[in-house]
Amino acid sequence: MWRSLLKQASHTHKSKFVPESCTSSLSSSSSTGFCQTSAFINKFRPSKAINHGFSGCPILGFRENYVFPSQKDCLGRFGFSHSGNPLTFSGKFWNFKGYASAAEAIVSNEDDLSGSEEINELVEAMIKEERKESFSKQPKIMVGGMGVAKYNTLKRRQIKIETEAWEEAAKEYQELIADMCQQKLAPNLPYVKSLFLGWFEPLRDSIAAEQEVCKGNFKISHAAYFNELSADMMAVVTMHKLMGLLMTNTAGTGGIRVVQAACQIGEAIENEARIQKFLEKTKKKNTTDKKSVTESEPETTEQGKLAKNEEKLRKKVTQLMKKQKVHQVREIVKGRDTSKPWGQEAHVKVGCRLIQLLMENAYIQPPVDQIGDGPPDIRPAFVHALKNVIKDGNKGSRRYGVIECDPLVRKGLEKTAKHMVIPYMPMLVPPQNWTGYDQGAYLFLPSYVMRTHGAKQQRETVKRTPRKQLEPVFEALDTLGNTKWRINRRILGVVDRLWANGGRLADLVDREDVPLPEEPDTEDETEIRKWKWKVKAVKKENNERHSQRCDVELKLAVARKMKDEVGFYYPHNLDFRGRAYPMHPYLNHLGSDLCRGVLEFAEGRPLGKSGLRWLKIHLANLYAGGVDKLSYEGRVEFTESHLDDIFDSADRPLEGKRWWLSAEDPFQCLAACINLSEALRSSIPEATISHMPVHQDGSCNGLQHYAALGRDKLGAAAVNLVAGDKPADVYSGIAARVLDIMKRDAQEDPATNPNALHARLLINQVDRKLVKQTVMTSVYGVTYVGARDQIKRRLKERGAIADDTQLFVASCYAARTTLTALGEMFQAARSIMGWLGECAKVIASENQPVRWVTPLGLPVVQPYRQLGRHLIKTSLQVLTLQRETDKVMVKRQRTAFPPNFVHSLDGSHMMMTAVACKKAGLNFAGVHDSYWTHACDVDEMNRILREKFVELYEAPILENLLESFQKAFPSLNFPPLPERGDFDLREVLESPYFFN
């Protein structure tokens with residue numbers, strides 16, 4: 001009877017057994033785990049129950065001052081304590097007043113006590129069951145948004161990726177060579193990988209021989225650094241680095257400048273040598289320290305802790321297992337590495353020698369299917385040549401040493417990405433928090449909070465800045481880095497199919513080259529000259545296609561490597577102005593439509609009613625073509641009127657009508673079609689989980705910042721700082737003003753006004769697209785020459801003016817007219833830009849760089865200095881290295897300051913928004929003036945970004961800037977602040993299209 005009743009009780013309702021410290025979360029459970037509403041308790045309730053301190057839960061028979069002593073007691077020996085008279089319960093019942101448990105209530109309600117032993121036995125069994133359940137329901141410890149075990153597994157993999165990538169490649173080549181020797185036949189490898197394999201062994205042996213020569217022979221310029229890394233590793237780094245540089249060369253010519261290649265190869269060797277040196281050191285210490293740890297006791301508690309921590313750290317680094325914390329790993333690497341940085345000179349010397357050895361050992365011959373009856377054509381894969389490179393504007397040329405690859409290698413580059421060692425991959429675990437200039441982001445790979453590009457003064461300034469001052473910037477970078485991403489496999493599958501079929505669609509480059517025109521069978525000089533120009537144009541087009549194909553291959557290689565990961569992260573750092581960028585260079589959300597289409601948030605969130613609306617608006621924005629200039633209601637209507645096309649795109653992206661291909665951002669549009677189709681076909685669309693980032697973009701954001709700085713009403717209305725029924729389009733406004741000016745000029749007499757002819761020629765060409773780029777870049781200091789070239793490119797694309805001379809003159813006129821229209825519409829912006837430029841000129845005239853502190857506390861130093869030349873004799877050639885001099889470039893300091901200052905402000909706004917979104921529980925990603933979050937959170941993000949913009953500009957930014965200049969240069973006279981308008985900043989809070 002007792003057993004059946006107790007079983008009934010224990011199965012009716014189970015609940016956690018919780019210590020007193022946890023009582024705040026306990027609502028209605030008794031000491032033995034029975035709920036107050038339990039049928040068992042109700043049946044055997046005593047006549048009077050004394051309430052305990054648990055809310056809504058009387059503890060049967062216990063006076064109010066009895067408490068659970070500790071979690072250990074609760075789970076270990078089930079004890080209770082009373083002030084001054086602790087009592088314990090361990091399966092036997094003592095003479096309490098009232099009832100100690102439900103079991104005692106049973107006993108007290110029965111005349112026959114013979115079953116008490118059985119009851120005690122059963123209650124003990126129940127207690128054990130409660131303990132097991134309590135342990136199983138303990139809150140899971142989370143690290144980086146995942147369980148500890150999973151986090152540690154991923155961290156081990158991450159450290160392996162960062163520290164062993166080159167080593168793994170070297171091992172693979174060694175194993176392939178061993179297999180070849182054993183089986184006496186060549187493995188069936190892709191062409192490019194077979195090239196690497198063929199080069200590896202002779203290059204490795206040559207490097208090993210060179211290392212022997214360098215030992216003790218410090219007359220050789222690179223000797224001091226050549227034995228820092230094994231020959232295997234140096235061979236792999238050299239091959240992969242050089243091929244990677246050839247792939248990413250934007251000119252697409254299959255060549256790279258020697259100085260650039262040597263610097264990067266030398267730097268990669270140094271970085272890898274430091275990591276391997278540290279790993280070797282810890283391995284040695286690990287063997288000796290294990291004995292000392294087991295054989296002797298620590299002298300003090302503090303020393304013991306230190307020894308324990310160091311032992312843990314060594315275990316992490318050497319075995320790459322059971323990682324718990326690596327916050328100070330890279331600090332320890334630096335602290336224990338007594339060697340000085342190599343420096344640029346050592347980099348080029350080591351790099352040049354390795355390139356030279358590669359050229360001596362890397363040969364190529366056509367694939368088997370291309371070899372004819374004659375002997376194989378074996379030739380060097382790389383050659384060193386000197387080339388004249390024409391400077392910008394055809395103002396003379398310079399002679400550079402370049403490394404060029406054979407056409408067969410160049411062709412193979414397009415298929416090389418999948419076999420490349422790509423450093424700085426997205427991270428599998430959240431990046432380390434930034435705590436200093438070189439402390440944060442990747443666990444082992446060198447990581448710097450700012451990309452200074454060799455600007456010493458900027459680097460030293462950031463290093464000297466107190467950590468407390470930089471904490472807002474660090475927090476923002478950490479927030480951006482902790483956003484978890486994943487690959488959208490469906491979109492990647494579509495991209496792969498299109499790419500396999502030759503590209504050409506969805507903005508993918510054609511995988512085939514343009515055929516060269518045939519040479520005309522004539523002696524006519526004019527025809528031959530035209531043919532030569534055509535050949536030159538086709539070669540240029542093919543070079544560009546080659547470069548784009550390499551770029552797509554690199555992006556797809558990363559996407560394919562990451563597609564099976566649950567999620568990954570992008571560590572971020574800054575440029576010198578304070579704008580944030582992902583550190584991984586290829587596949588990131590700052591990239592093209594291809595990149596953005598295959599990336600999505602790893603975390604999904606239900607759309608909700610608001611999110612469903614924003615997803616429809618987002619799809620219309622991605623389709624663009626003027627749709628993105630409609631009101632929100634208009635955009636929703638556009639999406640709802642194309643539902644058949646959207647469903648067809650989602651179901652049959654390549655076999656159907658392919659409506660998505662006509663979008664301005666086709667891959668992102670397809671991703672939105674798929675997500676929206678899934679929602680609309682669901683029985684509850686609002687409950688559909690969405691991983692898609694929805695964008696809110698600023699309206700010509702640079703001009704928005706200038707309008708806020710100048711409190712300019714007219715400018716504010718033009719760029720949506722003021723509420724309107726639909727978004728104002730500043731580009732259309734400028735185009736309309738340009739057209740008015742041209743119409744007026746077209747009526748003039750060409751004899752007295754030469755612009756009349758240009759105006760008549762261009763009057764039908766003026767539209768939003770013609771002026772857009774010039775308007776966008778005007779706030780960033782575009783010059784007349786820059787504007788002319790931008791407009792010339794647009795006109796050339798349209799083929800409206802065939803004659804080159806006429807095209808050039810017309811472009812000059814259009815550029816002048818566009819800049820005039822801009823000056824009329826944005827007078828306040830022009831006056832602030834002028835004031836900033838004048839201040840910079842005053843400072844630079846004293847041979848000082850312009851410097852300021854952003855609203856988030858980041859110090860900025862403009863890096864524009866005259867460069868000196870430094871000759872370095874290497875084994876390959878005499879190289880010219882550029883070094884900063886003490887002389888600043890006055891003109892560059894002046895022209896660059898206005899755009900750099902505004903960039904520092906838009907970077908501050910984005911980072912302020914990022915931190916606020918994190919605190920509000922939102923996922924956030926930012927691309928300068930484009931802010932991303934889940935569809936369901938767009939309304940909240942919109943509120944936050946407007947509040948932060950107002951908060952940013954309510955501060956006296958220009959006054960603070962002038963004060964800092966006057967404080968730094970008390971003897972200089974600065975121009976007075978420009979006049980400002982009376983625009984009320986708080987109107988931004990009510991403007992629906994400020995970001996839209």
Side-chain angles (χ1 to χ4, degrees), residues 392-395 526 529-530 533-534 537 625-626 629 699-700 702-703 706-707 710 712-715 717-719 727-834 837 891 895 898-899:
D392 295 336
N394 296 323
K395 295 177 182 176
T526 308
R529 197 180 300 116
K530 283 183 180 178
W533 277 107
K534 283 180 182 176
K629 304 299 174 289
S699 305
C700 198
L703 287 172
Y706 272 120
D712 176 18
K713 273 188 174 179
L714 182 63
V719 290
D729 182 17
V730 64
Y731 309 115
S732 298
I734 294 293
R737 180 61 190 137
V738 167
L739 189 59
D740 288 342
I741 295 171
M742 286 189 179
K743 281 179 178 177
R744 185 188 66 205
D745 288 347
Q747 294 170 359
E748 297 287 328
D749 182 3
T752 58
N753 186 354
N755 287 336
L757 290 174
H758 309 322
R760 291 170 191 175
L761 189 64
L762 289 169
I763 206 160
N764 294 323
Q765 298 297 323
V766 177
D767 59 10
R768 179 180 189 277
K769 191 173 181 180
L770 185 72
V771 302
K772 181 177 179 179
Q773 191 178 9
T774 303
V775 175
M776 285 174 66
T777 54
S778 65
V779 291
Y780 303 129
V782 71
T783 60
Y784 159 70
V785 173
R788 180 197 69 202
D789 291 343
Q790 290 167 351
I791 290 172
K792 184 182 173 185
R793 278 195 294 273
R794 298 290 86 77
L795 291 171
K796 196 169 185 178
E797 285 169 6
R798 300 175 185 187
I801 305 170
D803 184 75
D804 284 346
T805 305
Q806 206 172 20
L807 176 65
F808 178 80
V809 176
S811 302
C812 293
Y813 168 68
R816 282 196 303 271
T817 309
T818 304
L819 293 174
T820 300
L822 269 166
E824 291 174 0
M825 187 173 285
F826 294 98
Q827 288 181 355
R830 284 285 173 189
S831 65
I832 293 171
M833 287 166 68
K891 185 179 178 182
T895 57

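Heavy-atom basis, side chains included; hydrogens, waters and symmetry copies ignored. No experiment lies behind these values; they were computed from the predicted model shown. By convention here, the first residue in the shown sequence is residue 1.
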*Verify side-chain contact (heavy atoms from CB on, under 4.5 Å) between L703 and V775, making sure each step is shown before the conclusion.*
CA-CA 9 Å; L703 287 172; V775 175; 4.2 Å; yes
*With T774, which residues qualify under side chain to side chain donor-acceptor pair (under 3.5 Å), at least two apart?*
Q790
*Under 4.5 Å between any side-chain heavy atoms of P898 and Y706, yes or no?*
yes
_side-chain hydrogen bond (donor to acceptor under 3.5 Å, both in side chains) partners of residues 727-746, not counting sequence neighbours, each pair once_ = D729-S732, D729-R768, R737-E824, D745-Y813
*How far apart are the closest heavy atoms of D767 and R798, and which atoms are they?*
OD1-NH2, 2.8 Å
_V719 versus A707, closest heavy-atom pair with distance_ = CG2-CB, 4.4 Å
*So, for G715 and D712, which heavy atoms are closest and what is the spacing to 0.1 Å?*
N-OD2, 3.2 Å
_How long is the straight-line distance from CD1 of I741 back to CZ of R816, given to the nearest 0.5 Å?_
12.0 Å
*asked:* Holding to salt bridge (charged side-chain N to carboxylate O under 4.0 Å, His left out), I want the full list of residues that pass it with K713, two or more places apart in sequence or in another chain.
replied: D982
*Side-chain heavy atoms of R830 within contact of M833, under 4.5 Å*: yes
*Does CD in Q765 sit with more than 12 non-hydrogen atoms of other residues, nucleotides or ligands closer than 6.0 Å?*
yes
_Distance-minimising heavy-atom pair for R794 and L770_ = CB-CD1, 3.8 Å
*Taking side chain to side chain contact (heavy atoms under 4.5 Å, CB included) as the test, write out the residues that go with T526, two or more places apart.*
D524, R529, K530
N/O donor-acceptor pairs under 3.5 Å from side chains in residues 746-755, not counting sequence neighbours:
{"residue": "D749", "atom": "OD1", "partner": "A751", "partner atom": "N", "Å": "3.1"}
{"residue": "T752", "atom": "OG1", "partner": "D749", "partner atom": "O", "Å": "3.1"}
{"residue": "N753", "atom": "OD1", "partner": "N755", "partner atom": "N", "Å": "3.1"}

*Indicate yes or no: at least one non-hydrogen side-chain atom of L795 is less than 4.5 angstrom from one of L762.*
yes
*List in chain and number order the residues that pass side chain to side chain contact (heavy atoms under 4.5 Å, CB included) with S831, two or more places apart in sequence or in another chain; answer none if no residue qualifies.*
P978
_Residues in side chain to side chain contact (heavy atoms under 4.5 Å, CB included) contact with K891, at least two apart in sequence or another chain_ = R894, T895
*asked:* Among residues at least two apart in sequence or on other chains, which ones pass side chain to side chain contact (heavy atoms under 4.5 Å, CB included) with A815?
replied: Y784, A787, R788, I791
